[in-house]
Amino acid sequence: MPKTFYITTPIYYVNDKPHIGHAYTTIACDVLARFKRLDGFQVKFLSGTDEHGQKVAKAARDQGIEPIDLCDRNSKNFRDLAGVIGASNDDFIRTTEPRHIAACQALWKDLEKSGHIYLAKYAGWYAVRDEAFYDEGELTKGPSGDKLAPSGAPVEWVEEESYFFKLSAFQEPLLKFYDANPDFIGPKSRFNEVYSFVKGGLRDLSISRTTFSWGVAVPGNEKHVMYVWIDALTNYIAALGYPDKTKDYAAYWPHAMHVVGKDIIRFHCVYWPAFLMAANLAPPKRVFAHGWWTVEGQKMSKSLGNAIDPNALIEKYGLDQIRYFLMREIPFGNDGDFSESAISGRINGELANEFGNLAQRGLGFIAKTLGSVLPAPGAYTPEDNEILKACAELIVPARVAMDAQGFDKALDAIWAVVRAANQYVDKQAPWALKKTDPARMNTVLYVMAEIVRHLAIIMQPFVPTSANKMLDQLGVAADARSFAHLGRNHALKGGTTLPAPSPVFPRYVPPGESKPGKST
RNA sequence: GGCGCGGUAGCUCAGGGGUAGAGCAGCGGGAUCAUAAUCCGUUGGUCGGGGGUUCAAAUCCCUCCCGCGCUACCA
């Protein structure tokens, strides 16, 4: 039975417009999914949209359309985004789908059966203007002595019948679970946050509403719809066929990983495992919370109007370039800044100059000097063996880094080899050997081709289109590009005629500059 | 307020008791296969301030200053 891996993005709220943050999350998942597939895992990669709630109902009403029509339209934006960024997701779930609704209701019944749901009153200070409840402590006194929300909106005491989940019963089980699974949450700092949050005590959770109806009906009490968390989180197991626990659920759930933005970590690391435990199901294997991107040092916001449209970004810099930048620039989990100078520095300094040019100088040489026929190597020197060994063994640290979602660390390791490869070429100087020792030149050129083959194979998850273009130029068969093909057993065959090479990573030239500026 | 994380070269950051490191930027040089790319060398830091422990502190302890995160129902 093959090793399996299940990776999910959050479901994106249909009221949102897709922006770079959504693209970032999905790209990270995609890189992981591709890496695992190439590493021999049977992977299921899920994305989707969250389509219920009062806001969606209201937006539809405002536009004079049915909620489902609004959802159909906006869900497509996210499905399209996945295509635009090259996501290899195997499935795309919508919370309005029958399979999802069935899963929510099944989970609800399980929770009810195990005695973790009860009916009571949800009461609190509600600000109609903000559509939000506030804590007593958050309120301020207005000039006439009335209570005001932090936003200045007047609040009123509201009581509403609601189902509650006995979250308070899970403080100890959760702490025990965290203790036993220190890798449940990444990065570590988030683990500590969640841990101390739970340690501070848990209150029961209101999980239904009666004030709107655009949601999953509570089984047996149609007045209620489920309120966000049970609805939204259940998508992860709905897509595995839950409540059927035999097929995909059995195969994938034990190896589930959720990638989320840091804003929704509590729901994934506290509520979700609690729900699952309450239903006698296992929590996911790991949740990783990533950070936010600023733009030229400024927060992305609607009011500033500087939210980046992924389409425009990809148009401008190229898809693989964006994917590479997002994975390379910062440790996953940290916040980052998206700036023209940073991205052009990465594109030109690393992709074009160091990696792309490495391939081009080797393949171009073979094309010009040897009529595109890949030479057969002679005996290897210690230098040859050293660089080839580094290439073949690169997968080891890369795997370790990727298993911890350390994209930047993996790329660090890869780039150490890219740099060593350029040093190797300079030291061997095949252009000089051309006159003095053609046989040795052939060996060096062959080694260069092997270096590029290894690097391209391992770079596929990050820059799939470009890496595969390189492999095309090396004449590597489509079914010989997995990590199992690294190493000498699958080395290129001398004597093969290679297609005409052309640069794979073009330099980025800022608008207004006619000549490519030096590495900016 | 409480809890936690961080303040190291111009920039981004690694290191975490024994004579300060990387990448980028800067400066100098070499090479010419290549997308004028690459390669070699190199300038640059009182490791936030103060105090303490120690033969020895960027590293441990105390304290102060500054920045950030979390402190429940907002996807």
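Throughout, a chain's letter reflects where its sequence line sits, starting with A, and its residues are numbered from 1.
Nucleotides B:U12 and B:A72 place their P atoms 32 Å apart, quoted to the nearest Å. Rounded to whole Å, the C1' atom of B:C64 lies 14 Å from the corresponding atom of B:G7. B:A14 and B:U54 are spaced 32 Å apart, taking the P atom of each and rounding to whole Å. Only the C1' atoms considered, B:G69 is 27 Å distant from B:A22, to the nearest whole Å. Separating the C1' atom of B:G50 from that of B:A57 is a span of 15 Å, rounded to the nearest Å. Comparing B:C24 with B:C60, their C1' atoms are spaced 33 Å from each other, to the whole Å.
Aromatic ring centres of A:Tyr163 and A:Trp229: separated by at least 6.0 Å. In this structure, A:Phe325 has its ring center at least 6.0 angstrom away from the ring center of A:Tyr317. Remark: aromatic rings of A:Phe407 and A:Phe332 are close, center separation under 6.0 Å.
Within the 4.0 angstrom heavy-atom criterion, base atoms lie near A:Ser206. Within 4.0 Å of A:Phe267, counting heavy atoms only, lies no atom of the nucleic acid at all. If you check every strand for non-hydrogen atoms under 4.0 Å, A:Asp50 touches sugar and phosphate atoms only.
Nearest nucleotide to the A:Arg507 side chain, out of B:A72, B:A34, B:A37: B:A37. With B:G69, B:A72, B:U38 as the candidates, the nucleotide lying closest to the side chain of A:Asn353 is B:U38. When each of B:A37, B:A75, B:G30 is scored by its nearest atom to the side-chain atoms of A:Asp426, the top-ranked nucleotide is B:G30. Ranking B:C73, B:G69, B:U35 by closeness to the A:Ala352 side chain, first place goes to B:U35. In the set B:C39, B:A34, B:C73, the nucleotide with an atom closest to the side chain of A:Asn422 is B:C39. Distance from the side chain of A:Gln360 is smallest for B:A34 among the nucleotides B:C33, B:A75, B:A34. Of the candidates B:C24, B:G69, B:A72, the closest approach to any side-chain atom of A:Arg419 belongs to B:C24. Checked against B:U35, B:A75, B:A72, the side chain of A:Pro503 finds its nearest nucleotide in B:U35.
Looking at which nucleotide of RNA chain B each of A:Val228 and A:Glu350 is closest to, the 5′-most match is held by A:Glu350. Comparing A:Lys368 and A:Glu329 by the nucleotide of RNA chain B that holds the closest heavy atom to each, the one mapping nearer the 5' end is A:Glu329.
Dense packing is recorded around NZ of A:Lys316, with more than 12 heavy atoms of other residues, nucleotides or ligands lying under 6.0 Å away.
Using cut-offs of 30° and 60° on the angle between ring planes, the pair A:Tyr271 and A:Phe275 is tilted.
Stacking between A:Phe365 and B:C33 is absent: the ring centroid is not both under 5.5 Å from the six-membered base ring centre and under 30° in plane angle.
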